[in-house]
There are 2 protein chains.
Amino acid sequence: MDEKLTIQDIARLAGVSKSSVSRVLNNYPAISQELRERVMRVVREYNFVPNVTARGLAGGKTRLVGVLTPPLTWPAVPEMLRGVAEYIERTSYEMVLYSVNFENPTHTDVVDRILSLRMVSGLLAILPCDLTPHLLKHFERGLPMVMINDQEPPERFPCPWVGVDNRTGGYQATRHLLDLGYRRIAHVMGPKRYYCAQERYEGYCQALREAGLEPDPELLLQGEFDPASGRRCARELFARERKRWPEAIFVANDQMAYGFLEVAEEQGIQIPQEIALVGFDDNLVSSHVRPPLTTVRQPFSQMGAKAIELLLKMVDPDHLLPRVRAAEGMGNAGAGMTSATTAPSSAADGSDHQLREPSAPYRSDGTIHIQLETSLVVRASSVPA
Amino acid sequence: MDEKLTIQDIARLAGVSKSSVSRVLNNYPAISQELRERVMRVVREYNFVPNVTARGLAGGKTRLVGVLTPPLTWPAVPEMLRGVAEYIERTSYEMVLYSVNFENPTHTDVVDRILSLRMVSGLLAILPCDLTPHLLKHFERGLPMVMINDQEPPERFPCPWVGVDNRTGGYQATRHLLDLGYRRIAHVMGPKRYYCAQERYEGYCQALREAGLEPDPELLLQGEFDPASGRRCARELFARERKRWPEAIFVANDQMAYGFLEVAEEQGIQIPQEIALVGFDDNLVSSHVRPPLTTVRQPFSQMGAKAIELLLKMVDPDHLLPRVRAAEGMGNAGAGMTSATTAPSSAADGSDHQLREPSAPYRSDGTIHIQLETSLVVRASSVPA
DNA sequence: TATAACATTGAAACCGGTTTCCGTCAAGAC
DNA sequence: GTCTTGACGGAAACCGGTTTCAATGTTATA
């Protein structure tokens, strides 16, 4: 049905000029109602959709945003992308996924190749690890960019940033254990070079101190955020004489907590009866492990949605306006407007327009940082059923 | 450094015409060595990368392929995409990710909108559920397409298809349990409307019959491929009087097996001591649940890689030829060729050129179907440590 | 040696839109 | 009843490449 019509064909069919069709399609203000209707009738009748490529060339802006991620098999990444996809689905933009394996030493080349194509009008960088400095160079050269990156303090980011308050998260976890009556609470810390690991640790310390306890160096273990290091820490701990065991452990991420659970299982140590466990992240798996893991939930999907919202606002402040755009004319004609007038809202909070409101999270230098909240999810690993 | 140079600028700098630059960039055969070098020197010096959008417009083909997926939080999807991403990373194509929520009733509109943009030169449809008929319409209208879809018999697909041999998979699972000496083996079947569920069931029956056993209707349960139905089946089974219990269970997918494990845990039933369990899929989680799940592994990542390889071969048979393409001139200049001469191979099997080889899996009507092999992964849920 | 055939390369058309520039026409100002 | 002003819409330039077509210089053929 919808053969390759061009704007020229539509113009001819409607008895007007190319430029008029273009103007109608782009909702140019000074257009008479009559002309608009005449064109739109033909557009709808023939199910016309303007060629994106041509649009991109002529208009200088592609309706594409790039999303750079680590391999999708990393925990949390799919959840973030779900948030991104749900938001994007409601706009007229599309997402180009660059899933790169950061272990490949040529990754900076990959990024350069990607970006030099100038195909995307903006980039969302998700957990780009050691690629951050390289990416920031592109940002400084003018590429609109938003980062989700908890390895460094947000203050240090010159570009917009979305993340959570890890300190409060660490506090929540520890406080939960304190509330349950535990006093000897250990912490398995993430890599010190990661800011989020430091913050979680500080939250842990703060909670302890508020409860009149001083963090005990003997109860602080160093992990690497992966299950293997979790296992190592568990073995180290369980090898101690029993009276030197902690009553509870706050592990800095769920991955390491899984390692802990495995070793506990192997050695027949009951969780939470002998040791209570709290993780951090609330990965999809965490409710399925045995026992289900109490953990501090990061709203990954919401983070993705907020981040892409931010990015699109930078690229195109009107990206969610109910503009009459050709793509809407298709499908079941007539109902075209409905999907467009429903502006997407990343969460159910209705807090759009952030970039324009005075309450927007501008930093003093004008950079936008958004910090979402973590929440404690209580499961059996800290509280027996 | 790499400001927006055009092919015109390069032509001027090299003292040749636009067309010559274009020809060099596209490795047109009839080009003198001298001209080629003259142009390439400038291209490299200025780190020139031709504008993809313009290329797309003029050449009529965008270097973009679409990948349509269910939400990435579905099991297996991220793994398939990893395979896709790894393959694509080595080509000059990019992937546009359309992650749609199939529960949204407007999904056919979404697909129409996507495809009518004509932005992608091909589509890889991953587990598109009830969208299949709609997608096939687009295929028949000429959109290059590959499907990963195990809901219907491959024979019924008019389009290229990648999947596994579910029958053999079911056979492997059951055979494993038989080899361990079990005789009363139950099966929790997936939805009957899914072809893969039927196939797995048939493999189960075949293995039993080969062992001289007749499938017992009492030992056949009906699930829905989700954890909830797994729990339901488990409760139903465990509620029976003990002597009517099976010795082992082949559950048609890992998700349902998780439900089984949960209920077993609740009711204090030891696995595998009291009942052995085998799943299907080998999702990422399956090695982490307690006890780790014995399961039939589907090579998801390889499926993704094969599928995208197939698609790119349809769209552009030369997509992996070491053509001298401009994008390669950048990065660390000089080493440009290296990445191009390394043709990507989806697996370590070196079995490229499939579409050209006589051994290619053409069906009688010319359609390509690729069936990969499953493999049994033995873990503690079927064999005590 | 004249000519056909071929290898190279430049000029120009084209891909399908957006946007600038300019002419037309009608309403409001003087 | 002219003149100004602004709304409206058409013609044409432009975005940055690819590809067709034709011209040129060479080499093989007769």
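By convention in this document, chain letters (A, B, ...) are assigned in the order of the sequence lines, proteins followed by strands, and residues within each chain are numbered from 1.
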**Item:** Selection residues 20-34 of chain B - residue pairs positive for salt bridge (Lys or Arg N to Asp or Glu O under 4.0 Å), sequence neighbours left out
**Value:** B:Glu34-B:Arg38
**Asked** Any donor and acceptor pair, going by atom type alone, linking the side chain of B:Asn47 with main-chain N or O of B:Arg44 inside 3.5 Å?
**Response** no
**Asked** Can you name the nearest heavy-atom pair linking B:Leu64 to B:Tyr93, along with the distance?
**Response** N-CD2, 4.0 Å
**Item:** Sugar-phosphate only, base, or nothing, as touched by A:Val52 at under 4.0 Å among non-hydrogen atoms
**Value:** nothing
**Prompt:** Could you state the CG-C1' distance from B:Leu35 to C:dA7, rounded to the nearest angstrom?
**Reply:** 13 Å
**Message:** Can a donor-acceptor pair be found, under 3.5 Å and without considering hydrogens, that links the side chain of A:Asn51 to the backbone of A:Thr53?
**Reply:** yes
**Message:** Please report the distance, rounded to the nearest Å, between CZ in A:Arg36 and C1' in D:dA7.
**Reply:** 13 Å
**Request:** Please name all residues satisfying side-chain hydrogen bond (donor to acceptor under 3.5 Å, both in side chains) with B:Thr69, sequence neighbours left out, ordered by chain then number.
**Result:** none
**Item:** Base versus backbone protein contacts along nucleotides 12-21 of chain C [heavy-atom cut-off under 4.0 Å; B, S, -]
**Value:** ---BBBBBB-
